Structure formats: structure tokens, C-alpha cells
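Below you'll find the structure, written out as C-alpha cells, and then a few comments.
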4 protein chains.
Amino acid sequence: MDETPVRGRPRSETARRAVLDAALELCRSSGYQALTMKGIAEKAGVGRQTVYRWWPAKQDVLIDALRDLALLRAEQLNPETGDTLSDVRMLLDATFSLTTALTGNALVGLMAEAQHDPELSRRLQGTVIGPRRQALRDLLARGVAGGELSDAAMSLDLAVDFAFGTMWYRLISHHAPVDSELAGQITAALAELLRPDAARGPVPPPAD
Amino acid sequence: MDETPVRGRPRSETARRAVLDAALELCRSSGYQALTMKGIAEKAGVGRQTVYRWWPAKQDVLIDALRDLALLRAEQLNPETGDTLSDVRMLLDATFSLTTALTGNALVGLMAEAQHDPELSRRLQGTVIGPRRQALRDLLARGVAGGELSDAAMSLDLAVDFAFGTMWYRLISHHAPVDSELAGQITAALAELLRPDAARGPVPPPAD
Amino acid sequence: MDETPVRGRPRSETARRAVLDAALELCRSSGYQALTMKGIAEKAGVGRQTVYRWWPAKQDVLIDALRDLALLRAEQLNPETGDTLSDVRMLLDATFSLTTALTGNALVGLMAEAQHDPELSRRLQGTVIGPRRQALRDLLARGVAGGELSDAAMSLDLAVDFAFGTMWYRLISHHAPVDSELAGQITAALAELLRPDAARGPVPPPAD
Amino acid sequence: MDETPVRGRPRSETARRAVLDAALELCRSSGYQALTMKGIAEKAGVGRQTVYRWWPAKQDVLIDALRDLALLRAEQLNPETGDTLSDVRMLLDATFSLTTALTGNALVGLMAEAQHDPELSRRLQGTVIGPRRQALRDLLARGVAGGELSDAAMSLDLAVDFAFGTMWYRLISHHAPVDSELAGQITAALAELLRPDAARGPVPPPAD
DNA sequence: TGTTAACCGAGACGGTACGTCCTGTCTTGGC
DNA sequence: GCCAAGACAGGACGTACCGTCTCGGTTAACA
């Protein structure tokens with residue numbers, strides 16, 4: 001293979017972990033806005049240049065940290081229990097369990113930052129948002145194909161929006177927890193909305 | 001009454017409007033993170049102290065700006081057309097129309113900032129989030145009371161989460177617009193979920 | 001007059017003095033090399049920007065500080081006691097008394113820095129070096145014109161070099177003090193070298 | 001003898017020369033302040049550790065480089081032509097010829113650095129300054145002993161200060177060259193000041 | 001003719017000063 | 001008293017260099 005020959009002192013895994021851990025912890029305790037490259041370096045007991053050497057900005061540190069976490073718990077995006085609704089519930093459960101207190105601030109802060117950083121937005125879509133969204137949609141589509149579900153009355157895209165929208169809404173607003181019970185409730189609601197015999201109800205008149 | 005006798009030069013309405021407009025415009029064009037008290041003052045052509053005199057922080061400027069906007073369009077949170085679903089749709093329409101390009105950044109940025117600012121969180125709940133949420137819930141509750149809807153299969157709170165969660169999700173993620181069509185789709189979905197003859201389907205077993 | 005109308009908060013004389021004093025003191029105690037803009041600001045209890053606002057680099061701070069000192073003691077470069085040698089001695093005395101422990105480091109450091117900073121070199125020549133040198137040369141020239149001295153055997157320029165060269169040599173090398181006694185000895189030597197009846201001795205053959 | 005048996009790869013003379021040359025050249029072209037261990041290593045095409053292994057600081061590199069140069073041209077500190085003034089002139093010539101463009105920056109920079117580094121000061125005195133100074137003084141003392149010169153009117157120490165002070169003054173201030181002509185002029189002046197029949201002139205009154 | 005140990009390059013490491021920018025406060029003159 | 005201007009103390013930014021360290025490779029004297 002074209003394994004580039006390593007020259008010079010190899011990268012310190014200790015420093016890498018210390019930085020990622022410090023970033024998540026600081027983000028949890030003080031919030032995304034207060035998160036600072038300098039603060040990360042000091043908390044991690046690491047030189048400032050060591051942070052900048054590997055991550056251009058605090059967003060990159062956080063994304064790496066989140067990816068590390070996700071990899072650890074990447075049970076599976078595609079549970080395949082045979083039953084579509086069970087698969088849905090397991091996917092939602094697994095997803096919700098990633099939105100812990102440790103990661104909540106980071107996720108919301110990153111999403112906010114992405115409002116005016118298209119590149120960051122693209123990366124978040126590609127790593128954090130997109131795969132989960134696609135996985136759920138695929139599950140539902142499989143259910144439709146198998147006859148368990150029907151998208152006659154409601155588009156699958158909107159169904160997915162319902163599920164993850166509720167999650168984000170609660171993550172942002174904190175008016176209710178994002179837990180396993182919510183996963184069950186959402187699964188039940190999706191079952192209702194996509195039940196095979198559903199017919200689209202009468203659409204209310206436009207609001208003009 | 002205790003009308004405090006005004007002394008000295010009265011506050012300049014011109015400066016006030018210039019500051020609020022500058023804040024929203026800068027937030028729109030450069031994002032919440034890049035928004036700066038100094039930047040607001042310069043864009044508004046106003047001394048820095050003039051901004052600090054009336055608003056302690058950039059959040060306060062934005063909240064005031066948003067309130068001004070909302071007041072302008074506060075047709076009503078409670079349309080009362082006689083038909084619950086029509087009322088719901090109108091409320092959603094009115095709400096969605098406030099999440100324009102001009103305000104989207106500000107809303108999301110404020111919500112992110114509120115993650116670690118309980119006071120800000122409280123104020124947002126009291127002004128931006130809470131009233132709309134309560135208004136929708138009240139509409140649905142009235143529909144249940146009138147027999148048009150039923151909360152047998154799904155709690156009204158979760159129904160509200162579906163509606164506004166989808167809105168926030170799209171505001172954050174930009175994968176689909178927040179428009180009148182969405183208002184119609186959500187209304188239809190709510191009608192389905194809360195239809196009087198709905199029965200809660202079998203809940204899938206827990207994932208553990 | 002075109003007195004520009006002052007706008008905004010006026011410059012703080014307190015801060016100015018604190019910076020100049022801190023710079024000289026730090027230069028004295030730790031040396032020119034260790035002198036730092038950051039260090040100056042901290043020692044002066046002043047924001048870093050306040051230093052940079054008025055002085056681009058540490059050299060500029062030092063030059064200002066030295067100028068302040070020199071102005072305070074600028075009795076006169078041209079004593080005019082009637083007797084040329086007395087004038088010479090007074091000029092040397094006044095000059096040597098400026099090369100205190102407080103300023104020695106600064107002077108030498110600045111001169112060293114000027115080795116590769118033509119602009120700094122020019123400014124030092126114009127403020128610190130040149131005027132003194134010119135004043136001494138003028139005094140000697142006046143003595144020659146008055147018949148008290150003669151430049152037959154030795155150019156006045158070299159005579160000036162002898163006087164100030166010895167001063168700088170001792171400032172740099174510290175092998176002997178730069179004090180009033182030295183002023184007397186140099187004056188006597190100059191009197192000898194420039195005595196009216198001096199004739200240039202036989203020049204030794206070139207070394208080749 | 002205690003010749004430690006050399007084991008392993010011997011020190012690279014190539015690297016040593018490259019470092020010394022790079023240091024002098026960088027000091028000449030960019031000045032002492034801008035001289036950097038990193039810069040030296042890179043210019044020399046040598047690892048940074050190779051520089052630090054042999055020289056603790058940039059001063060040490062320069063001193064070694066200067067010593068190498070001096071050794072090459074160490075014609076002699078003690079010419080012994082039989083005539084004291086000729087000897088003096090040859091010594092000054094040899095000394096001045098070392099203060100080339102290549103070494104001027106290094107010398108002045110080192111002297112400035114020595115202001116607050118007693119150890120460096122001591123080493124410079126022992127290698128660069130002291131021996132030359134002592135050699136000149138010895139020459140003059142020999143002349144006094146032989147009756148060619150007299151220290152009745154002026155101490156030999158001050159005479160030495162005149163000679164080397166002028167050199168340093170011009171090295172620092174660049175207002176005139178340090179060349180063979182200067183050596184001749186200084187020799188003539190010393191002959192005048194130390195001529196056997198000189199009598200100390202009337203000392204001007206103290207300035208106070 | 002291997003062994004072997006010091007050499008050498010490269011470059012990551014924890015630090016620190018750089019000069020810039022923004023913060024929130026203050027202090028002017030003018031309106 | 002409000003307003004613009006702008007100086008103030010403070011702190012984070014991202015860059016550059018410091019001196020130390022830790023790698024893989026090289027190389028020459030010794031065995």
C-alpha cells in the first residue's frame with residue numbers, strides 16, 4: 001500500500017482524547033457559545049497549537065468528538081428485527097440515547113452555527129443528520145413495500161420530520177424529555193399515520 | 001397617576017429603530033454568532049453606549065426586534081373561525097409566516113444561546129415559544145371538547161410537538177421549506193392522529 | 001487655528017506615564033531582549049490595546065520614555081560658559097548623567113536593534129545620538145574659531161568619536177563607570193589632542 | 001591518557017560548519033534579533049535537535065562562529081615589530097579587519113544581549129573583548145617601559161578606551177567606517193596623548 | 001561483517017508573545 | 001439627559017517560535 005512513511009514524532013493519542021473530552025465537557029457545562037479554543041486547550045492540558053494543528057475551529061473538535069461517541073455506540077442504524085415498527089422504535093431509541101446531556105449542547109450549538117456556515121451544514125448533514133434521517137426513511141419505505149405501512153395519506157418525508165422534529169424541538173426547548181417513552185409514542189403515532197387503511201382526510205381550506 | 005415627569009432629551013425613536021433593524025439585518029446576513037454589539041452600533045450609525053443604555057446584550061436587541069415584528073403581524077393567536085381544523089391551519093400559517101429569512105437566524109441563534117442561559121430561555125418561552133404553543137394546544141383542546149377531535153390515541157402535547165417540532169426541524173436543517181403547504185399537511189396529519197374514532201394501536205415492545 | 005475638535009474620551013495621561021515608566025523599569029530589570037509589549041501592558045496595569053494604540057512597537061515606547069527623561073533634564077546642549085573646555089565638560093557631564101542604570105539597557109538595546117532597522121536608526125540619530133554629537137562638535141569648532149583649540153593634528157570628528165566612543169564602550173562593556181570623572185579625563189585629553197601648538201606626529205607605516 | 005573511546009557515529013563536521021555559517025549569514029542579513037534557532041537549523045538544512053545538541057542558545061552558536069573566524073585570521077595579537085607604535089597600528093588593523101559586515105551585527109547583538117546575561121558577558125570578555133584590550137594595553141605599557149611613551153598625562157586604560165571605544169561607536173552608529181585609515185588616525189592620536197613630554201593640562205572645573 | 005550506539009531529519013508536544021478584534025465601561029463635547 | 005465618538009481594561013483570536021520529546025533511518029568505529 002502507499003502507506004506514507006511516518007516522519008517525526010507521531011501524534012499523541014493522549015492529547016487527542018484529552019482535547020475531545022475537554023471540548024465535550026466544556027460544551028456541556030458552559031454551553032457552545034462559551035466554548036473556546038483556548039479553553040479547550042487549557043482544560044485538556046495541551047498547547048494551543050496542538051489543538052489548531054489538528055482542528056481548524058471548535059466546530060471541528062466537536063464534530064470529531066461526536067463522531068467518536070457515535071462510533072462507540074453505533075449499534076446499528078438498521079436493526080432488522082423483521083417487524084418494521086419494532087425496527088423504527090429501536091432506531092429512535094438508539095438515536096435518542098445519543099442526545100445525552102453531554103452532547104445536547106454541542107448538537108444544538110453546531111446546528112445553530114451551521115445556519116451561516118454552509119460547509120459546516122454540509123458536514124453535519126453528512127454525518128449527524130443525514131444518515132439517521134435516511135435510515136428511518138428506508139425503514140418506513142420497506143414497511144410500505146411490505147404492505148405493513150402505507151404512504152397514501154402522508155408522505156414518508158413528513159413522517160420522518162415528525163419523528164426527528166419532535167426530538168430537536170425538545171432538545172432545544174427542554175419542555176419534555178427525549179427518552180425511550182417518546183420513542184414509543186412516536187412509533188405509535190407513525191403507525192397510526194401510515195396505517196394501510198388510512199385515507200387522507202378533508203384538507204382544511206387555505207387560510208388566505 | 002405616577003406618570004414620571006420626563007426630563008432632558010427624550011429617547012430617539014430613530015436610534016431605536018436603526019438599532020433593531022441593524023440587528024436583524026446583520027443577523028440575517030452574517031449569522032447570530034457573528035452578531036456583535038459593536039457591529040450593531042456601527043451599522044445603525046449609533047454610539048455604542050446608546051445600544052448598551054437600552055439593551056444589556058445582543059439577545060435583548062434581537063428579542064425586542066422580534067417582538068416588534070410579531071406585534072406588527074399579531075393578527076391573532078386565536079382565529080376562531082368556528083371550525084377547529086381551520087383555526088389550527090390559520091394559526092400554523094400565521095406562525096410559519098413569521099419564520100422568514102429575516103428572523104430564522106435570530107430565532108435559531110437565540111434558542112441555541114438559551115441552552116445555557118436560563119433567564120433567556122425563560123423569556124423566549126414567555127414570548128416566542130410559549131404563547132404559540134399554548135394557543136395551538138387550546139385550539140386542539142377546544143376541538144376535543146366539541147367532539148371534533150379526540151385525544152384518546154395521542155396526547156395533545158405530543159400533537160403540538162409534532163407541529164412545531166417539524167417547523168423547528170426544518171428551520172434548523174433547511175431540508176424543506178416552512179410554508180403554507182406544510183401548514184396544510186400538518187393540519188391534515190393532526191386531524192388523522194386526533195380523529196374521534198382513532199384507537200391507539202399496539203405499541204411495539206421496548207427495545208431493550 | 002486648525003485645532004481639530006476633540007471627540008470622544010481624551011487620552012489618559014495616567015496610562016501614558018504608567019506605560020513609559022513600566023517600559024523603562026522592565027528594560028532596566030530584565031533587559032531589552034526580555035522586554036515585551038505584553039509585559040509592559042501588564043506591569044503598567046493597562047490593556048494591551050492601549051499600548052498598541054499609541055506605540056507600534058516596544059522601540060517606540062522606549063524612545064518616548066527616553067525623550068521624556070531627556071526633556072526633563074535638557075538643561076542645555078549648549079552651556080556657553082565662555083570657556084570652551086568648561087562647556088565641553090559640562091556637555092559631557094550632562095550627557096553622561098543621562099546614561100543611568102535606568103536608561104543604559106534601553107540605549108544599548110535600541111542601538112543593537114537599530115543595526116537592522118534603518119528607520120529606527122534614523123530616529124535614534126535624530127533624537128538621541130545626533131544632537132549631542134553635533135553639539136559637542138559645534139563647541140569644539142567654536143574653540144578652534146576662537147583660537148583656544150586647533151584641529152591641525154586631529155579632525156574634530158575623530159575627537160568627538162573619542163569622547164562618545166568611550167562612553168558607549170563603557171556602557172556596553174561595563175569595565176569602568178561613565179561618570180563625572182570620566183568627563184574630566186576626556187575633556188583633558190581633548191584639550192591635549194586639540195592644543196593649538198600640536199603638530200601631527202609621524203604616522204606609523206601601514207601594516208601591510 | 002583519558003582518551004574516552006569514541007563509539008558510534010562521530011559528529012558531522014559538515015553539519016557543524018553549516019550551522020555556524022548559517023548563523024552568521026542570517027545574523028548579517030536579518031539582524032541579531034531576528035536570528036532564531038529554528039531559522040538556523042532550517043537554513044543549515046539540519047535538524048533542530050542537532051543545533052540544540054551542541055549549542056544551548058543562539059549566542060553560543062555565534063560565539064563559536066566568531067571564534068572560528070578569529071582563529072582563521074589570528075595573525076597575532078602581539079606583532080612585535082620592534083616599534084611600539086607600529087605594533088599598535090598592526091594590532092588595531094588586525095582587530096578592525098575582524099569587524100566586517102559579516103560579524104558586525106553579531107558582535108553588537110551579542111554585546112547588547114550581554115547587558116543582562118552576566119555569563120554571556122563574562123564569555124565575551126574572555127574571548128572577544130578582553131584579550132584584544134589586554135594586548136593593546138600590554139603594547140602601550142611596553143612602550144612606556146621602553147621610554148617611547150609616557151602615561152604621565154593620561155592613563156593607559158583610558159587610552160585603550162579611546163581606541164576600542166571609537167571602534168565600537170562606529171560599529172554601532174555607522175557614521176564612519178572602521179578601517180585601516182582609522183587605525184592610523186587612532187595610532188597617531190595615541191602617540192600624541194602618550195608622548196613622553198606631555199603634561200596634563202589644566203583640568204576644567206567641575207560642572208556643578 | 002555484523003553490532004551497535006550516537007548521529008541526523010523531521011515534526012508533534014506544552015508553552016508564550018505576537019498583533020488584532022470585540023467586550024462592556026468610562027468620559028468627553030455637542031445637541 | 002441623550003447622543004456620537006472614542007479611549008480604557010480585559011480577554012480570545014489564530015500565528016510563530018521557543019526548547020523538549022520521540023520517532024525512523026543513517027553511518028562509522030568496534031568486535
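This structure is a prediction, so every number in the text was calculated from the model and none was measured. Every chain is numbered from 1 and lettered A, B, ... according to where its sequence line falls, protein lines coming before strand lines.
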[X] [atom1] - [N] [atom2] separation (whole Å):
X	N	atom1	atom2	value
Glu13(D)	dC8(E)	CD	P	11 Å
Glu42(A)	dC13(F)	CD	C1'	13 Å
Arg9(A)	dC23(F)	CZ	P	8 Å
Ile40(B)	dG24(E)	CD1	P	10 Å
Gln33(D)	dC18(E)	CD	C1'	15 Å
Arg16(A)	dC13(E)	CZ	P	12 Å

Check your understanding: Ignoring hydrogens and angles, does a donor from either the side chain of Arg48(D) or the base of dG11(E) sit under 3.5 Å from an acceptor on the other?
Key -> no
To the nearest 0.5 Å, tell me how far [X] [atom1] sits from [Y] [atom2].
X	Y	atom1	atom2	value
Leu124(D)	Leu120(D)	CG	CG	4.5 Å
Asn105(C)	His116(D)	CG	NE2	4.5 Å
Leu62(C)	Leu107(C)	CG	CG	9.0 Å

Review point. Within the structure shown, what part of the strands sits under 4.0 Å from Gly45(B) by heavy-atom distance: base, sugar-phosphate, or nothing?
Key: sugar-phosphate
Review point. Base, sugar-phosphate, or nothing: which does Ala41(B) touch, judged by heavy atoms less than 4.0 Å apart?
Key: nothing
Review point. Could Asp117(B) and Arg122(B) be called an ion pair, given the rule that one side-chain N must be under 4.0 Å from one carboxylate O?
Key: no
Exercise for review: Output yes when a side-chain donor or acceptor of Thr50(A) lies under 3.5 Å from a complementary backbone atom of Val46(A), and no otherwise.
Suggested key: no
**Study point:** Expected output: side-chain Lys58(C) to main-chain Tyr32(C) donor-acceptor under 3.5 Å
**Key:** yes
**Study point:** Residues in side-chain contact (heavy atoms from CB on, under 4.5 Å) contact with Ala57(C), at least two apart in sequence or another chain
**Key:** Gln59(C), Asp60(C)
Looking at the side chain of [X], which of [options] is the nearest nucleotide?
X	options	value
Met37(C)	dT28(E), dG19(E), dT25(E)	dG19(E)
Gln49(A)	dA16(F), dC8(F), dC22(E)	dA16(F)
Lys38(A)	dC8(F), dG9(E), dA12(F)	dA12(F)

Review point. Can you find a side chain N or O atom of Thr36(B) that sits less than 4.0 Å from OP1 or OP2 on dC21(E)?
Key: no
Check your understanding: Is the shortest side-chain N/O distance from Thr50(A) to OP1 or OP2 of dG14(E) below 4.0 Å?
Key -> yes
Review point. In residues 51-63 of chain B, what residues come within less than 4.0 Å of DNA chain F, judged by heavy atoms?
Key: Arg53(B), Trp54(B)
